[in-house]
Amino acid sequence: MAKNLIIVESPAKSKTIKKFLGKNYEVVASNGHVRDLPKSQMGIDVEKDYEPKYITIRGKGELLAGLRKEVKKADKIYLATDPDREGEAISWHLCQALKLDPKKTRRITFNEITKNAVKQSIKQSRDIDMDLVDAQQARRILDRVVGYSISPLLWEKVKRGLSAGRVQSVALRIIADRESEIDAFIPKEYWTLEAQFIIDGGKKPLVAKYYGNPEKYEISSKEDVERIVAELKGARYKVTGIRKGERTKKPPLPFTTSTLQQECSKHLNFATRKTMQIAQQLYEGVQVKGHGTIGLITYLRTDSTRISEEADAACKAFIEETYGAENIIEGNILPKSSKKIQDAHEAIRPTYVTLTPAQVKDSLSRDQFRLYQLIWKRFVASRMHSAKYETTSVKIDGKGHRFTSAGSKLVFPGFMSVYRSDEDKEEGNAILAKVKEDSKLKLDEMEKEQHFTQPPAHYTEASLVKALEELGIGRPSTYAPTISTLISRRYVAKEQKNLYLSELGDVVNQIMVSAFPSIVDVNFTATMEALLDGVAEGTVEWKTVIRNFYPDLVQAVDHAEKALEKIKIEDEVTDVACDICGRNMVIKYGPHGKFMACPGFPECRNTKPYYEKIGVTCPKCGGEIVIKKTQKGRRYYGCENNPECDVMTWQKPSAEKCPKCGNMLLEKGNKLVCSDNACGYIIEKPKRIE
């Protein structure tokens with residue numbers, strides 16, 4: 001019989017697929033890419049219309065030799081790399097590297113690694129889609145020319161080993177802009193007033209919040225709240241309105257790469273990289289008792305929420321049997337279409353909905369189980385009815401002032417029988433249900449509380465992925481590696497989920513913003529992504545994208561070479577003597593920022609931490625306030641006498657003291673703000689005279 005060869009990307013996938021097919025099929029793995037641009041040079045021939053120079057990846061020679069032997073034995077070759085642009089490009093590179101005969105070579109793709117999906121893909125084999133290949137080539141070449149043109153500039157101006165990337169640099173700017181917003185944020189004082197009422201001799205109080213007089217009113221100060229409390233003295237309270245209603249909560253859509261990464265960060269505390277690694281294992285196949293090696297989820301890199309008709313029908317049949325027909329939602333619910341979505345894939349879902357998390361738990365690691373359970377529950381919930389709540393809101397008036405109380409009670413769980421988040425809570429409906437128009441109310445006590453508005457939250461990996469997706473920057477396959485690069489390069493520090501701009505990241509971002517504004521411009525990068533989508537759709541010629549981009553980049557680099565000469569960081573000599581050889585130590589720039597080193601290196605290797613003074617004395621002990629960094633590179637300001645003195649702040653202190661309370665003043669944007677929020681002193685920062 002004729003021998004068929006299937007080439008996949010990973011050995012794990014090859015083992016799973018091999019079990020689905022007969023002896024007539026041999027399944028081998030390429031272990032990812034086999035060819036790429038050289039590391040030692042840009043690898044783009046600008047003179048020959050930006051022709052890429054691909055070479056065999058180091059270490060892949062032996063693997064390719066083995067693949068060639070298998071190719072010679074085969075009558076037909078099926079290229080079964082991942083079903084996306086990068087997978088399409090890997091198939092094309094395999095054709096080139098193995099010199100495959102087009103007449104006996106076919107491309108197959110499957111969104112899930114199941115017996116039916118693999119066999120169906122063989123029946124529907126096709127030629128390689130060169131539009132998808134060209135879209136990946138264009139992306140790779142754009143990233144290469146940006147990196148190889150700008151990185152040497154960063155080496156010269158800051159330090160060797162730094163890098164700039166097309167998507168990476170925009171992500172860094174987004175984080176830097178958020179840091180600036182946080183630093184410039186000035187808290188605004190406000191107060192809340194809560195009243196506790198006893199209803200008709202009951203025991204549990206009804207808590208109501210102050211609303212207004214009777215129009216909505218924001219309480220802005222202590223004097224304000226005390227005036228309201230005084231006006232309410234001796235007031236008689238009565239219920240002036242009860243409104244009952246119903247609200248529904250729609251089921252969630254099944255996971256895309258972005259929403260999966262966000263939910264895993266929120267509920268499982270997974271980094272984006274970890275989420276993708278575990279999802280890859282579940283997709284490629286795991287050994288499940290009683291089932292052998294099977295792929296448990298569909299392809300993990302997708303921005304589509306579409307579900308196939310077969311999967312939709314199978315899920316609804318499962319819901320009817322397990323939860324009842326009344327829980328099934330009608331139709332195949334789809335979101336409003338977006339131009340950014342590449343709808344070639346389905347959403348991420350379990351390959352077999354009948355394989356419940358409980359059935360596979362013993363076959364999976366703890367993290368694999370938790371991820372599978374999340375994907376399974378989300379998918380099943382997406383095919384179920386909305387949850388329904390009964391809502392009650394009450395108005396309570398006294399002496400012209402109004403308090404309100406609202407609550408909800410779940411009356412039909414719908415999808416929440418399967419999938420419930422922390423926000424899906426009932427609120428105080430038990431007491432509200434007893435309230436009537438003629439209910440007698442007795443004031444038990446009032447509680448007033450001071451608050452301050454909060455600055456925008458620091459980005460987490462999850463919220464950064466969400467921002468990148470909403471802005472149209474990058475694609476599902478790029479989110480995790482982009483964030484990993486920022487952290488590994490120490491441009492960004494990650495502390496307790498939050499991402500903070502490091503000193504090094506700040507320097508790199510400033511250079512990119514001043515010298516290459518278009519590359520770090522969000523709209524420009526989103527437009528570039530749209531052009532790459534056009535290449536994939538066959539409406540844009542891929543080299544046109546490079547031709548329009550590269551000359552402007554070269555011009556910007558040439559200009560930056562001259563304009564940025566002033567910011568070159570030289571070794572600054574300090575007045576601190578080396579403990580070993582006595583030379584005056586110099587300031588160096590390392591992966592973690594500045595440090596002091598002996599200029600006698602390599603003979604003398606002495607180093608010390610460098611703390612830059614800012615000309616402000618510590619209000620507690622009189623020492624100098626210096627710039628310090630956390631272990632992961634986040635900058636803060638603290639006393640030089642730490643740990644004896646514990647004064648520290650994230651904002652830069654001013655040399656001036658607060659004239660109102662004597663505390664430190666902190667720089668926030670163009671204002672100086674008292675470090676004590678309760679004081680509330682604010683003044684415009686004096687303008688520098690040049």
Side-chain angles (χ1 to χ4, degrees), residues 1-36 54-130 132-133 136 277 279-288 291-301 351 477:
M1 292 179 73
K3 180 150 187 180
N4 301 291
L5 177 68
I6 296 179
I7 304 178
V8 297
E9 283 183 48
S10 75
K13 198 190 290 186
S14 68
K15 288 177 188 174
T16 309
I17 294 170
K18 177 71 175 166
K19 292 183 179 180
F20 297 150
L21 303 170
K23 295 175 184 177
N24 200 22
Y25 287 85
E26 186 62 44
V27 187
V28 293
S30 71
N31 290 323
H33 281 277
V34 293
R35 295 200 313 168
D36 197 6
Y54 293 114
I55 61 166
T56 300
I57 294 171
R58 182 175 291 179
K60 288 290 179 90
E62 195 175 323
L63 184 141
L64 281 172
L67 289 176
R68 286 189 190 102
K69 286 179 185 175
E70 295 295 336
V71 165
K72 283 179 184 176
K73 298 178 199 171
D75 296 317
K76 201 151 199 177
I77 298 118
Y78 294 99
L79 299 169
T81 49
D82 285 349
D84 56 15
R85 295 176 193 176
E86 193 160 354
E88 204 74 21
I90 292 173
S91 283
W92 178 73
H93 282 297
L94 283 166
C95 282
Q96 305 301 308
L98 300 173
K99 297 188 170 109
L100 298 181
D101 181 354
K103 290 178 183 176
K104 65 176 191 175
T105 304
R106 302 292 285 166
R107 170 81 167 117
I108 59 172
T109 58
F110 31 82
N111 197 48
E112 58 187 56
I113 303 178
T114 62
K115 191 171 185 176
N116 287 343
V118 173
K119 288 194 168 183
Q120 192 63 30
S121 71
I122 294 171
K123 289 178 186 175
Q124 296 172 346
S125 64
R126 57 171 173 82
D127 292 329
I128 286 176
D129 187 333
M130 284 309 298
L132 296 180
V133 173
Q136 197 276 339
Q277 284 174 340
Q280 186 78 31
Q281 293 163 11
L282 296 177
Y283 165 67
E284 290 183 348
V286 289
Q287 186 78 26
V288 176
H291 297 273
T293 303
I294 55 171
L296 286 176
I297 64 168
T298 54
Y299 192 54
L300 58 148
R301 294 179 183 88
T351 51
S477 60

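Just so you know, these numbers use all the heavy atoms, side chains as well, and skip hydrogens, waters and symmetry mates. In this text the structure is predicted, and so the values were computed from the model without any measurement.
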Flag, side chain of T293 to backbone of G285, donor-acceptor distance under 3.5 Å: no
Atom of G61, atom of T56 and distance for their closest heavy-atom approach: N-CG2, 4.3 Å
Euclidean distance, I294 CD1 relative to K19 NZ, rounded to 0.5 Å: 10.5 Å
For Y283, ring-ring contact (aromatic ring centres under 6.0 Å, His included) partners two or more places apart: Y299
Distance, nearest 0.5 Å, that separates CZ of F20 from CG of N116: 9.5 Å
K103 NZ to I77 CD1 distance, which is reported to the nearest 0.5 Å: 13.5 Å
Atom pairs and distances, donor-acceptor, side-chain atoms in residues 87-98, under 3.5 Å, two or more places apart:
| from | atom 1 | to | atom 2 | distance (Å) |
| --- | --- | --- | --- | --- |
| E88 | OE1 | R107 | NE | 3.0 |
| E88 | OE1 | R107 | NH2 | 3.1 |
| E88 | OE1 | R126 | NH2 | 3.1 |
| E88 | OE2 | R107 | NE | 3.4 |
| E88 | OE2 | R126 | NH1 | 2.8 |
| E88 | OE2 | R126 | NH2 | 3.4 |
| E88 | OE2 | D129 | N | 2.9 |
| S91 | OG | T81 | OG1 | 2.6 |
| H93 | ND1 | R35 | NE | 3.2 |
| H93 | ND1 | R35 | NH2 | 3.2 |

Spacing of F110 atom CZ and K13 atom NZ [to the nearest 0.5 Å]: 6.0 Å
Residue pair L300 / Q280, side-chain heavy-atom distance below 4.5 Å: yes
S10 versus A29, closest heavy-atom pair with distance: C-CB, 3.5 Å
D82 side-chain N/O to D84 backbone N/O, donor-acceptor pair under 3.5 Å: no
Of D101, L64, L100, the residue whose pairing with V71 passes side chain to side chain contact (heavy atoms under 4.5 Å, CB included): L100
Candidate pair M130 and V133, rule side-chain contact (heavy atoms from CB on, under 4.5 Å), full reasoning: CA-CA 5 Å; M130 284 309 298; V133 173; 3.9 Å; yes
Separation of T105 OG1 from K99 NZ (nearest 0.5 Å): 14.0 Å
Short side-chain to backbone donor-acceptor contact, K60 and N31, under 3.5 Å: yes
Donor + acceptor pair across side chains of S30, E9 (<3.5 Å): no
Results of salt bridge (Lys or Arg N to Asp or Glu O under 4.0 Å) for D36 - residues two or more places apart only: R140
Main-chain N/O of Y25 paired to K18 side chain as donor or acceptor, under 3.5 Å: yes
Smallest separation among heavy atoms of I108 and S121, with atom names: CG2-O, 3.3 Å
Shortest non-hydrogen contact between R106 and D127, atoms and distance: NH1-OD1, 2.7 Å
Neighbour count above 12 (heavy atom, 6.0 Å) for K15 NZ: no
Atom pair OG1 (T351) and CG (L296), whose distance is rounded to the nearest 0.5 Å: 5.5 Å
Worked verdict on L5 versus K76 for side-chain contact (heavy atoms from CB on, under 4.5 Å): CA-CA 6 Å; L5 177 68; K76 201 151 199 177; over 6 Å; no
Exceeds 12 heavy-atom contacts within 6.0 angstrom, atom NZ of K115: no
